[in-house]
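Residue numbers begin at 1 in each chain, while the letters A, B, ... track the order of the sequences.
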Number of protein chains: 2
Amino acid sequence: MARKAQPAGGYATGKDVAQRAGVSTITVSRVFNPAWEGKIRPETVERVRQVAQELNYRPNGVARSLVNRRTNIIAVVIGQSAGFFYSEILTDLVRRIQKSGRQALVFSLDLYDNVARILEQVAQHRVDAVVVTSSALRTDVMRPLEDMGMPVILFKRSAEQTNISGIWCDERQGALLAADCLLRTGCRQIGIVAHPHGGTGRAQAFAEELARQNITPVQTVWGDYSYESGQQAARKLLTDHQLDAIFCEEDTMAMACLDVARQEFGLRVPDDLAIIGFDNNTAAALPAYNITTVAHPIVDMLDALMEAIEQVTCDPHTPVRRQFEMSLLERSTTK
Amino acid sequence: MARKAQPAGGYATGKDVAQRAGVSTITVSRVFNPAWEGKIRPETVERVRQVAQELNYRPNGVARSLVNRRTNIIAVVIGQSAGFFYSEILTDLVRRIQKSGRQALVFSLDLYDNVARILEQVAQHRVDAVVVTSSALRTDVMRPLEDMGMPVILFKRSAEQTNISGIWCDERQGALLAADCLLRTGCRQIGIVAHPHGGTGRAQAFAEELARQNITPVQTVWGDYSYESGQQAARKLLTDHQLDAIFCEEDTMAMACLDVARQEFGLRVPDDLAIIGFDNNTAAALPAYNITTVAHPIVDMLDALMEAIEQVTCDPHTPVRRQFEMSLLERSTTK
DNA sequence: GTGAAAGCGCTAACAT
DNA sequence: ATGTTAGCGCTTTCAC
């Protein structure tokens, strides 16, 4: 095979192909550009393709991006408290992006301190848009990107306080659904597991709704969306009080509560204790958990996101903003 | 703020900064190049940085890549039967890549037919290396990349039949561990859930080890690594036969077996039925499942992968190949 | 310490 | 239907 036909060190270029095929570089360019389909003499196309194959030539996407001022790359920034939820969303999102003819450059934030550096990398890459799913990220951190004029789309995190593009849910409304469910089924001694600066306002909205019905949450304890923090939260709540319900700001913590309640406190769920989570993780839907939870209409949201990407890559200066409603999935941890 | 100082439509360039700072473009380039740190008069640096900030200037990574012949991007190709396993690996991997100063361009394969097209995109992007974790991908599909001279590293999938770079496990040895465990604890009526063309040889090695001890598996049924396929497999096995153990080629299916055995057949695990999985999913480790499983030394493997990336980006023509041993995590689904 | 010229690989605009 | 010219934004010589 003609494996070694390229110039040492690098890849074959359009010029290499052009010379060997006896045409100009622009002709090679056109052969590999769908827009010129059919506007080049078939035998020329044939010859160019032939030589290209011999040389293992592929158009250099980097050079193309430079000229076209479009990379066809979407940056996807995911948060550190990924848990089960974001990693699922991630693969879905990547597939959608791929299907739209683009590619996903994925960034994962684990610590606060390097966020600026990472966003700096995003900025330098001249991606066509940035999708941010990390709810732990304060919006002002994204200012450098916005100031550059790089389109930012917040996904599945509140964008209410800003005028950036965003696809999010009315999480207060979701929290109301949870509160209603518990109150409706007779729960009165209610504990809450919340993130100290989750910024989602889920627990707050939940507590407010209880208050409207003259119920005060027995206790609120903190968790960081990890399974372990959920365990500790549950131990604390169930040791200190005689509860009949726990509301968790996130499913992974709800799963931990369920395990602790059953295995460590011998409670029957939902008879002795009801548990409601938030987010509809894949894992929470497993039969051994089957957690009642407040769910995002994730498919619709992804549809909206892809539309937003399409829009925003055409006109970066008009933000696309859509809010969705949440729904309650009543499974087996509530009556 | 000087938000609108850029030329219409695009981003500020080094030239823009140079003009406004009264220097040449090359000086701007140097100010933003770490290698020139300290070799430029501090007041020049100061002035350039000042103007750059006013203009929201960032060096154009695309242009840099074109000149440097390095994108600092690693392509990561993940398979369709992602389940819980790959999505976790993915976020870990992305973080590692990030920490090494590179970025991850993620591709997800869902259907067989567009694989070639997707790999074509990978090829055009001039990524510094390609990491392939999809075990459903036949190695010959990667030939175009290799022929181009683009470094491919197989990760967590057998690379034994090839001479491509790879980081993988001795899955036969892993399967032996599972077989030993079941036989040692007195299991004799053993069912198997395998992937018809998983190509991992896990079930085969498992069966061979049983044979060495004069045991024949009662039945082998097929699953595609999904939870649902695991359910069906379990129903079939447990309806047809009186088993005392099931070996699953993958954890998600083992979880399904556990649920079906407990909830639909009223079996006690591990007393009535032992279950062993493979891969050590995060979900399989949850207390409500706590599946005994054959695990990859995933941290070591990621370390090795990052080393391999480092190597291969320097010298693309010397493959880096390492095989690891697997270990048995005895949890609560075996005696 | 800084600059001028050339070129990375490609394509838009204008020829022919 | 194909070629020429110029330039995308940056960096690498080689000068000064």
Q: With a cut-off of less than 4.0 Å, is there a side-chain N or O of A:Thr44 near OP1 or OP2 of D:dT2?
A: yes
Q: When the distance from CZ of B:Arg58 to P of D:dC10 is rounded to whole Å, what number comes out?
A: 12 Å
Q: Please classify the nucleic acid contact of A:Ile26 as base, sugar-phosphate, or nothing, using heavy-atom distances under 4.0 Å.
A: base
Q: Can you tell which of D:dC8, C:dA12, C:dC8 lies closest to the side chain of A:Asn68?
A: C:dA12
Q: Between B:Thr71 and B:Arg126, is the side chain to side chain donor-acceptor pair (under 3.5 Å) condition met? List the steps.
A: CA-CA 7 Å; B:Thr71 52; B:Arg126 297 301 192 262; over 6 Å; no
Q: Nearest whole angstrom, please: distance from the P of C:dG3 to the CH2 of B:Trp36.
A: 12 Å
Q: Between B:Leu66 and B:Ile40, just flag the one whose closest nucleotide in DNA chain C comes earlier from the 5' side.
A: B:Ile40
Q: Can any side-chain N or O of B:Asn56 pair as donor or acceptor with the backbone N or O of A:Asp147 at less than 3.5 Å?
A: yes
Q: How far does OG of A:Ser108 sit from CZ of B:Arg96, to the nearest 0.5 angstrom?
A: 12.5 Å
Q: Rounding to an integer number of Å, can you tell me how far A:Lys39 NZ sits from C:dA12 C1'?
A: 14 Å
Q: Where the side chain of A:Val23 is concerned, which of D:dT11, D:dG3, C:dC10 is the nearest nucleotide?
A: D:dG3
Q: Quick check on C:dG9: is either OP1 or OP2 less than 4.0 Å from any side-chain nitrogen or oxygen of B:Arg69?
A: yes
Q: With rounding to the nearest 0.5 Å, note down the distance linking CD1 in B:Ile298 to CZ in B:Phe155.
A: 4.5 Å
Q: Should B:Arg30 be listed as having a side-chain N or O under 4.0 Å from OP1 or OP2 of D:dT11?
A: no
Q: Quickly work out the A:Phe32 CZ to C:dT11 P distance and round it to whole Å.
A: 10 Å
Q: May I ask you to evaluate whether B:Thr27 reaches the phosphate of C:dG3, defined as a side-chain N or O under 4.0 Å from OP1 or OP2?
A: yes
Q: Could you check how far CG of B:Asn72 sits from P of D:dT11, rounded to whole Å?
A: 13 Å
Q: Measuring to OP1 and OP2 of C:dG9, would you say a side-chain N or O of A:Arg64 lies under 4.0 angstrom away?
A: no
Q: Within this structure, what is the CD-to-P distance between B:Gln19 and C:dA4, rounded to whole angstrom?
A: 12 Å
Q: Side chain of B:Val67: nearest nucleotide among C:dA12, D:dG9, D:dA1?
A: D:dG9
Q: Among B:Val76, B:Leu145, B:Ile74, which residue meets the side chain to side chain contact (heavy atoms under 4.5 Å, CB included) test with B:Val130?
A: B:Leu145
Q: Categorize A:Tyr57 for me: base, sugar-phosphate, or nothing, with a 4.0 angstrom heavy-atom threshold over every strand shown.
A: sugar-phosphate
Q: Can you measure A:Tyr11 atom OH to C:dG9 atom C1' for me and round it to whole angstrom units?
A: 14 Å
Q: Could you please name the option among D:dT2, D:dC8, C:dA4 that lies closest to any side-chain atom of B:Ser24?
A: C:dA4
